[in-house]
Amino acid sequence: MPSDEEELYQEHILDHYEDPFHRGHLAGATHAHADKNPLCGDVVRIELQLDDAGKIVDLYFDGQGCVISQASASMLLEEMYGKTVDDIKQFSAEDMLKLYGPRLTPNRQKCCLLSWKVIQGAIHSPVDSNDER
Amino acid sequence: MPASATTPIDSSQLLSPKWRADFPILSEEVGHGRPLVFLDNAASTQHPRQVIDAMRDVYERDYANVHRGIHTLSERSTELYEQAREKCRAFINARHFHEVIFTSGATASINTVARSWGDANVGPGDEILVTIMEHHSNLVPWQQLAARTGATLRHVRMTGDGRLNMQSYAELLSERTKLVAVVSISNTLGTINPMREIIQQAHAAGALVLVDAAQSVPHMTTDVQALDCDFLAFSGHKMLGPSGVGVLYGKEALLDAMPPFLGGGSMINEVQLDTFTPAELPAKFEAGTPPIVPVIGMSAAVDYLQNVGLEAIHRHEQQLTRYCFERLETTEGLCILGPAPEHRAGLISFAFDRIHSHEFAQVLNDQFGVAVRAGHHCTQPLHRVMGITASTRASFYLYNTLEEVDQFLEGVAAVTKMFAPRGRKRKRKKPDE
């Protein structure tokens with residue numbers, strides 16, 4: 001039986017950490033939001049390009065922090081690629097923890113849910129009305 | 001690593017492992033049956049049986065409110081509570097019994113000075129000097145005081161190796177400086193600050209000095225008269241005592257002149273419907289029912305520490321720290337925060353260029369049973385100055401052993417290996433991603 005630790009850093013999670021999905025800057029972003037976890041300084045920024053129908057044309061993330069915070073952001077963006085704003089809205093915190101996989105203690109859940117919080121904020125943050133960058 | 005890079009251990013400087021047997025929690029297992037290695041002592045320490053028993057005895061035999069009843073239990077509790085004050089006085093060598101004020105901890109002690117002395121003595125144009133390496137508890141109360149009074153906060157800079165820049169200090173001290181609030185040992189860098197020098201220079205400039213001694217009182221001898229500090233704050237839970245209790249030491253004349261901070265029972269002499277007169281020291285600053293049993297528990301911790309010997313504890317921790325430092329510093333990609341072993345107390349924080357402190361803390365716990373701290377350790381500005389957001393900290397106490405340090409070092413090496421880049425590729429859902 002694998003130990004908790006082995007479950008926490010499963011191979012596919014480390015793959016996302018080292019080879020993330022869409023890490024970087026999105027030139028045509030229509031929406032963007034950033035937040036951090038004050039406990040540990042994890043930072044995630046997500047940029048979205050939405051069309052008029054609410055479809056996600058493209059999305060990118062950037063950030064710094066622990067494996068869980070960064071790998072989960074990569075996994076979330078991969079999951080949402082090609083989907084809609086409504087899909088983001090319907091994607092719950094519980095869904096996010098399930099997507100990540102290994103069971104997390106409350107403090108590590110905060111790391112995993114950072115990107116989820118940021119993407120929920122991003123859909124309400126058009127880029128012309130925010131100056132976070 | 002070449003053998004010449006490490007200093008041989010002087011085992012005569014190490015404490016006997018017999019003391020460990022007094023700490024029931026140290027035989028706990030964590031994770032999957034791994035013996036606990038507790039290296040988070042700068043956050044809070046564990047309790048010897050003597051402290052646990054002292055507190056249980058009060059609950060089982062002596063407990064009642066203090067300074068109130070004339071019944072037997074109230075008299076017993078009051079006697080134990082005031083004996084604890086005398087023990088704490090002797091522990092820090094205060095001149096007077098009533099210069100020891102019991103608070104809920106070092107944070108409350110500092111806030112008491114900021115609110116009481118600060119509001120009465122600080123105004124626009126005045127300056128309060130702190131350092132870059134302060135814990136939030138010795139920074140935020142002064143930010144709040146500055147905001148209330150129009151005073152200015154100034155920050156003493158550091159040297160490149162994480163010691164106080166005494167030239168910066170000398171330049172900032174002026175006739176505008178009302179107070180220097182400074183940490184005796186940095187909880188992040190481990191730096192032992194030159195308190196005698198700092199205090200002498202402050203007094204020469206006409207400023208008072210508050211010492212945040214939360215990390216020094218538990219680990220080395222403290223003598224407030226020799227230091228000549230004006231205020232000194234520490235917590236019970238970092239010195240084998242319970243949480244929820246601490247001490248504010250202040251010079252008699254200063255405490256006497258200060259207005260009470262919290263109002264309520266105990267701190268009064270006489271109360272009319274519209275007015276009150278405050279009690280004498282120390283009651284003036286102990287409004288409400290105090291943390292009676294924690295105070296008694298803390299005094300049992302003082303007994304215990306004096307029995308082991310503060311000098312012996314310090315020497316033991318110096319050995320562990322040097323041993324750990326010399327083996328950790330050769331790890332590629334790892335950066336130890338703070339000065340060389342001769343300038344530091346029993347703790348080591350480090351940053352790693354591509355591995356977050358969370359990974360170290362998680363794997364050290366899960367695979368090695370080692371408890372360390374990950375994060376900013378309540379020193380966000382200090383981390384920012386160093387260009388990092390978090391670090392991993394191992395902090396030692398009298399019950400830690402060289403074998404435990406080895407276990408920690410082995411864990412650190414395993415983490416660096418585990419998270420080393422190895423050209424991983426994420427599985428593509430679609431070929432064009």
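Note: hydrogens, waters and symmetry copies are ignored here, and every other heavy atom, side chains too, is used.
Using a 4.0 Å cut-off between charged nitrogen and carboxylate oxygen, B:R422 and A:D15 do not count as a salt-bridge pair. With respect to the salt-bridge test (charged N to carboxylate O, under 4.0 angstrom), the residues B:R426 and A:E78 qualify. Remark: A:E18 does not engage B:K425 in a salt bridge, criterion side-chain N to carboxylate O under 4.0 Å.
At most 12 non-hydrogen atoms from other residues, nucleotides or ligands lie less than 6.0 angstrom from CZ of B:R157. Atom CD of B:E329 has more than 12 neighbouring heavy atoms from other residues, nucleotides or ligands inside a 6.0 Å radius.
No side-chain heavy atom of B:Q362 sits less than 4.5 Å from a side-chain heavy atom of A:N107. Two residues are said to be in side-chain contact when any heavy atoms from C-beta on lie closer than 4.5 Å; A:H16 and B:R424 fail this criterion. Side-chain atoms of B:K427 and A:H12, non-hydrogen and from C-beta on, never get closer than 4.5 Å to each other.
A:T105 does not touch chain B: none of its heavy atoms, backbone or side chain, sits under 4.5 Å away.
Between the side chains of B:E359 and A:Y9, at least one donor N or O lies within less than 3.5 Å of an accepting N or O. Inspection of the A:D42 and B:H356 side chains reveals an N or O donor paired with an N or O acceptor under 3.5 Å.
For A:Y17, the side chain to side chain contact (heavy atoms under 4.5 Å, CB included) test picks out A:V67, A:Q70, A:A71, with sequence neighbours left out.
Between the CZ atom in B:F360 and the SG atom in A:C66 there is a gap of 13.0 Å [rounded to 0.5 Å].
Taking 4.5 Å as the heavy-atom cut-off, the residues of residues 376-388 of chain B that approach chain A are B:H376, B:Q380, ordered by number.
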